[in-house]
Every structure is written in C-alpha cells, then in structure tokens.
**Q** 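Sharing a structure below in structure tokens format, with a few things to ask.
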Amino acid sequence: MDIDGLADSGFEPVREAFASVIAGQSGTGAALAAWVDGSWVVDLRGGTADAAGRRPWRPDSLVQPYSVAKPFAAICALILVDRGQLDLDAPVQRYWPEFTAPATVRHVLSHQAGVVAIDQPALTEAFYDWTAMCDLLAVQEPQWEPGTAHGESALFYGHLVGELVRRSDGRLPGQFLRDEVCGPRGLDFYFGLTGPEQARAVDLTGLGGPAWLERKSAGKPDLYRRATTNPPGAFDPAVVNGAAWRAAQVPAVNGHCTARGVAGLYAALLGGELLSADLLAEATTTQCSGIDAVFGHENAWGLGFGLDDSDFGMAGTGGSFAGASPPGCYAISFVTGTMGSSRPAMAVENALRGCLGLPPLAA
C-alpha cells in the first residue's frame with residue numbers, strides 16, 4: 001500500500017518501519033507523527049479509511065484510538081488546577097456534591113478512585129447521555145477504598161474527570177478542548193464530532209463478537225469484564241462506527257484524532273505550553289504503581305498519564321499509542337484503524353529512537 005506524508009532526511013528507517021506496519025494491516029490503515037526538539041520530522045499515513053476500502057487515509061482523517069484519549073480529558077482538569085479552580089487534594093464532593101465515593105480529585109486523575117464498573121445494568125444509549133451516565137457514577141460504590149489501590153477506569157475515566165471540569169468551569173471536556181487546547185493550536189483532536197468531522201472519520205476494523213471479547217479478557221481479573229461491558233457497545237463495530245457514538249462525548253475512549261493532532265498535545269507539553277512547570281512535573285511523577293486491579297498487569301500512573309521511567313503517555317485498545325520522552329526530546333503518536341497489538345507502535349517508536357541514537361524500548 002502507498003505511504004503518504006513527511007519523513008525528514010535521516011528518518012528514512014521510520015518510514016520503512018511504518019510501511020512494514022501498513023503492509024501487515026488487514027483492515028483500515030494507520031498514521032504516525034513524530035516531533036523532535038521543536039520540529040515535526042515524521043507525519044505519515046497509509047491504507048484506507050473505510051472498511052470497504054474505497055476511501056484513502058488522508059492527512060485530515062480522524063480515527064478513534066481508544067484510551068489514548070484519556071490524557072486529553074485529564075489536561076482539561078489540570079489546566080483548571082493551575083488556574084486554582086480545582087484543588088487536587090479536595091474531595092470530589094466539593095465540586096460534585098452528588099458523588100458518593102470518598103475520593104479526592106487526585107484519586108480520580110490517577111485512577112485510584114475505585115469507580116471502575118457500574119453495578120446497575122445500563123443500555124448502550126447511556127453513552128449518549130452525559131447526565132445519565134454521571135448520575136450512575138455518582139451513586140456507584142467504589143471497588144476499593146479510594147487511595148488504597150489503583151485500576152484504570154476504562155470506560156468512565158472521562159466522565160469522572162469531565163464532570164469535575166463541567167462543575168468547576170461550566171464546559172464539557174469536548175468544548176473545553178476546542179476552546180482552550182486544541183483549537184488555538186490547530187490540533188485535530190475532538191470529543192464529539194460535528195457532521196463535517198464525521199465525514200472524516202475512519203472505520204475501526206478487527207473488532208468482533210463474543211470470541212473477540214473472550215480473547216481480550218483472557219488472563220485479566222474478573223473486574224475487567226465488569227468494567228468494560230456495562231454499558232455494552234464500546235467494542236462493538238456497529239456502535240463505535242456509528243454516528244451517535246461519534247457525536248457523543250465518552251472521553252475515556254472516543255476521542256477522534258489525526259496522529260499529528262494527538263502527538264501535538266505532547267509536543268506542547270514538552271515545549272512548556274499548557275501547564276506550569278511544577279504541575280507538569282507533578283502530573284508526570286508516580287502517584288501510584290503496582291498491579292492494576294482492572295487490567296491485572298503492573299503499571300504506574302501520574303495525573304492522567306501512564307508512566308514508564310521518565311517517559312509519559314497512553315496506549316489504547318487496538319495498538320494505538322501516544323506519548324512524550326523528555327530525555328529524548330520527542331513526542332510521538334501511532335494511531336490505527338485495524339485493531340491489533342502494541343507491537344507496531346513499538347516498532348515505529350524504536351525506529352525513531354534508533355535515528356536519534358537512543359536505545360530501543362524493551363518489549
């Protein structure tokens with residue numbers, strides 16, 4: 001398949017690694033962007049944007065990279081922390097009185113609040129009603145005492161953080177991002193697509209029925225299934241490729257972006273934009289680490305970011321990834337429409353690291 005876009009001189013191995021990824025995609029395509037020390041050195045895309053293979057992946061194609069979206073929800077709250085409108089160590093109830101779990105804002109941002117599953121059966125349509133979803137979360141008993149464990153709130157992180165934003169600022173995270181973060185910087189990243197934006201959306205391929213969900217749940221704690229299947233639909237192609245889902249705000253998982261749009265958040269942070277230096281340092285310092293109670297693997301969380309040594313970022317279901325390496329002075333994003341593993345993202349990032357004279361990341 002043809003590869004389109006930019007790879008500066010000296011970064012040809014990145015183009016080659018990306019071309020290899022595209023050649024192995026069985027469904028829709030992918031895109032890759034990298035910023036190094038103040039400049040965009042890679043901005044590539046390839047493959048198709050629709051399941052039928054009729055639309056090519058264009059520079060403005062928007063794909064849903066699942067949990068890669070979570071830091072975009074977090075950045076809204078962190079900006080309000082910098083402005084004094086949210087206090088990290090205040091109880092959530094100060095801003096959201098109906099919320100019953102005894103959690104702080106810090107607990108919510110760092111996945112320690114325990115509100116990771118909804119006990120009351122809910123319909124897919126709950127995703128399309130912000131107030132209804134927040135009402136369910138407000139009365140939900142946490143799965144652990146907040147602050148005593150951590151586990152990714154896979155489907156609800158964006159509502160938990162986003163309702164704190166709404167209660168303290170008045171805007172939902174989608175509007176806040178358009179006004180304060182993405183709009184001023186020309187970043188193609190959105191919660192809640194408009195009609196013209198929907199025309200640019202990429203179909204997700206490789207999602208499946210019960211067998212796919214069974215494979216996805218294999219080896220994970222029982223809590224994982226509860227945390228990801230109620231309400232149903234977040235991994236159903238008929239739902240996530242539909243207009244209602246794309247128009248809704250489900251900020252834990254349904255951001256839509258270009259690769260450059262999502263990498264641009266990390267470039268802005270490395271460039272000293274958006275957050276004060278002290279708050280960025282705190283947000284990228286370990287708040288909790290160990291075995292994730294939902295996913296069952298070891299990880300470490302900052303305030304909205306996954307941490308790996310001195311790097312920070314977020315991966316998503318299907319193999320998308322975005323993040324920043326302060327020591328390497330780079331930001332990178334790989335986003336894909338074909339649901340797969342983390343191997344392609346690691347391959348292209350290691351190709352970039354090789355071009356920069358950095359050691360490869362361990363698998």
Side-chain angles (χ1 to χ4, degrees), residues 1-25 28-49 56-63 65 68 71-72 181-182 184-189 200 202 256-274 308-316 319-338 340 342-363:
M1 291 185 185
D2 289 341
I3 305 300
D4 249 353
L6 159 79
D8 274 4
S9 176
F11 293 90
E12 292 87 357
V14 182
R15 177 185 279 274
E16 292 165 11
F18 181 70
S20 215
V21 167
I22 292 297
Q25 301 268 82
T28 44
L32 171 69
W35 175 99
V36 176
D37 200 20
S39 300
W40 291 101
V41 297
V42 174
D43 190 358
L44 298 169
R45 81 255 356 147
T48 62
W57 192 303
R58 300 187 184 280
D60 65 348
S61 293
L62 300 171
V63 68
V68 170
F72 281 81
V181 178
C182 298
R185 291 165 183 81
L187 304 182
D188 261 344
F189 185 101
R200 298 158 53 193
V202 172
H256 285 76
C257 63
T258 63
R260 186 156 169 166
V262 71
L265 175 74
Y266 293 94
L269 290 170
L270 289 179
E273 301 177 45
L274 295 173
D308 185 6
D309 296 327
S310 54
D311 296 351
F312 61 97
M314 193 70 194
S320 293
F321 170 76
S325 174
C329 297
Y330 71 81
I332 188 170
S333 171
F334 170 81
V335 293
T336 177
T338 295
S342 62
R343 288 190 295 274
M346 182 164 286
V348 294
E349 184 169 8
N350 277 337
L352 176 71
R353 291 177 66 87
C355 295
L356 298 175
L358 299 171
L361 299 170

**Q** Quick one: does T28's side chain have a donor or acceptor within less than 3.5 Å of a partner on G337's backbone?
**A**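 Between the backbone of G337 and the side chain of T28 there is a qualifying donor-acceptor contact (under 3.5 Å).
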**Q** F321: what forms a ring-ring contact (aromatic ring centres under 6.0 Å, His included) with it, not counting sequence neighbours?
**A**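 Listed in chain order: nothing, the list is empty.
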**Q** Distance check, rounded to the nearest 0.5 Å: H256 atom NE2 versus D188 atom CG?
**A**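 The distance works out to 12.5 Å.
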**Q** Heavy atoms, side chains only, cut-off 4.5 Å: are S333 and Y266 in contact?
**A**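 No, side chains not in contact.
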**Q** What residue among D2, V63, D4 forms side chain to side chain contact (heavy atoms under 4.5 Å, CB included) with W57?
**A**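 Between W57 and the candidates, side chain to side chain contact (heavy atoms under 4.5 Å, CB included) is satisfied uniquely by V63.
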**Q** Between S20 and A17 (side chain of the first, backbone of the second, donor and acceptor by atom type, cut-off under 3.5 Å), is there such a pair?
**A**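 Checking the backbone N and O of A17 against the side chain of S20, no donor-acceptor pair under 3.5 Å is found.
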**Q** For a 4.5 angstrom cut-off between non-hydrogen side-chain atoms, does L44 reach L6?
**A**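 When only atoms from C-beta onward are counted, L6 and L44 do not touch, as no gap falls below 4.5 Å.
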**Q** Within the distance-only criterion (no hydrogens, no angle test), does the side chain of T336 pair as donor or acceptor with the backbone N or O of T338 below 3.5 angstrom?
**A**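 Yes: the side chain of T336 pairs with the backbone of T338.
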**Q** Check V68 against A322 and note the closest heavy-atom contact, atom names and distance.
**A**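 Nearest pair, atom of V68 first, then A322: CG1-CB, 3.9 Å.
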**Q** To the nearest 0.5 Å, tell me how far D60 CG sits from R200 CZ.
**A**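 Between atom CG of D60 and atom CZ of R200 there are 4.5 Å.
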**Q** Any chance you could measure F334, atom CZ, to S342, atom OG, to the nearest 0.5 Å?
**A**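 One finds 10.5 Å between CZ of F334 and OG of S342.
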**Q** Which atom pairs, donor and acceptor, lie under 3.5 Å between side-chain atoms of residues 344-363 and protein residues at least two apart or in another chain?
**A**
{"unit_1": "E349", "atom_1": "OE2", "unit_2": "Y330", "atom_2": "OH", "d": "2.6"}
{"unit_1": "N350", "atom_1": "OD1", "unit_2": "L361", "atom_2": "N", "d": "2.6"}
{"unit_1": "N350", "atom_1": "ND2", "unit_2": "L361", "atom_2": "O", "d": "3.4"}
{"unit_1": "R353", "atom_1": "NE", "unit_2": "P359", "atom_2": "O", "d": "2.7"}
{"unit_1": "R353", "atom_1": "NH1", "unit_2": "Y330", "atom_2": "OH", "d": "2.9"}
{"unit_1": "R353", "atom_1": "NH2", "unit_2": "P359", "atom_2": "O", "d": "3.0"}

**Q** Starting at CZ of F18, measure out to CD1 of I3 and round the result to the nearest 0.5 Å.
**A**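 Going from CZ on F18 over to CD1 on I3, the span is 5.0 Å.
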**Q** Hey, does D311 have a side-chain heavy atom less than 4.5 Å from the side chain of P326?
**A**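 Yes, close enough: below the 4.5 Å cut-off.
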**Q** Can you name the closest pair of heavy atoms from A267 and W40 and give their distance?
**A**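 Minimum heavy-atom separation between A267 and W40: CB-CZ2, 4.5 Å.
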**Q** Taking the side chain as everything from C-beta on, heavy atoms only, tell me whether F189 gets closer than 4.5 Å to V181.
**A**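 They are not in contact (no side-chain heavy atoms under 4.5 Å apart), so the answer is no.
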**Q** Ignoring hydrogens, what is the shortest heavy-atom contact between F72 and G261? Give both atom names and the distance.
**A**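 Minimum heavy-atom separation between F72 and G261: CZ-O, 4.2 Å.
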**Q** Once salt bridge (charged side-chain N to carboxylate O under 4.0 Å, His left out) is applied, do any residues pair with R15, and if so which ones, sequence neighbours excluded?
**A**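 Here no residue qualifies.
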**Q** I'd like to know if the side chain of Q25 and the backbone of A23 have a donor-acceptor N/O pair within less than 3.5 Å.
**A**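 Such a contact is absent between Q25 side chain and A23 backbone.
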**Q** Check the pair L265 / L274 against side-chain contact (heavy atoms from CB on, under 4.5 Å), numbers first and verdict last.
**A** CA-CA 9 Å; L265 175 74; L274 295 173; 3.6 Å; yes
**Q** Show the nearest heavy-atom pair for residues R45 and R58, with the distance to one decimal.
**A**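 Answer, listing the atom of R45 first, then R58: CD-C, 3.9 Å.
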**Q** What I'd like to find out is whether the side chain of V335 reaches to under 4.5 Å of the side chain of C257, using heavy atoms alone.
**A**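 The answer is yes; the side chains approach within 4.5 Å.
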**Q** How many angstroms lie between CG in L187 and OG1 in T258, if you round to the nearest 0.5 Å?
**A**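 Rounded to the nearest 0.5 Å, the CG-OG1 separation comes to 8.0 Å.
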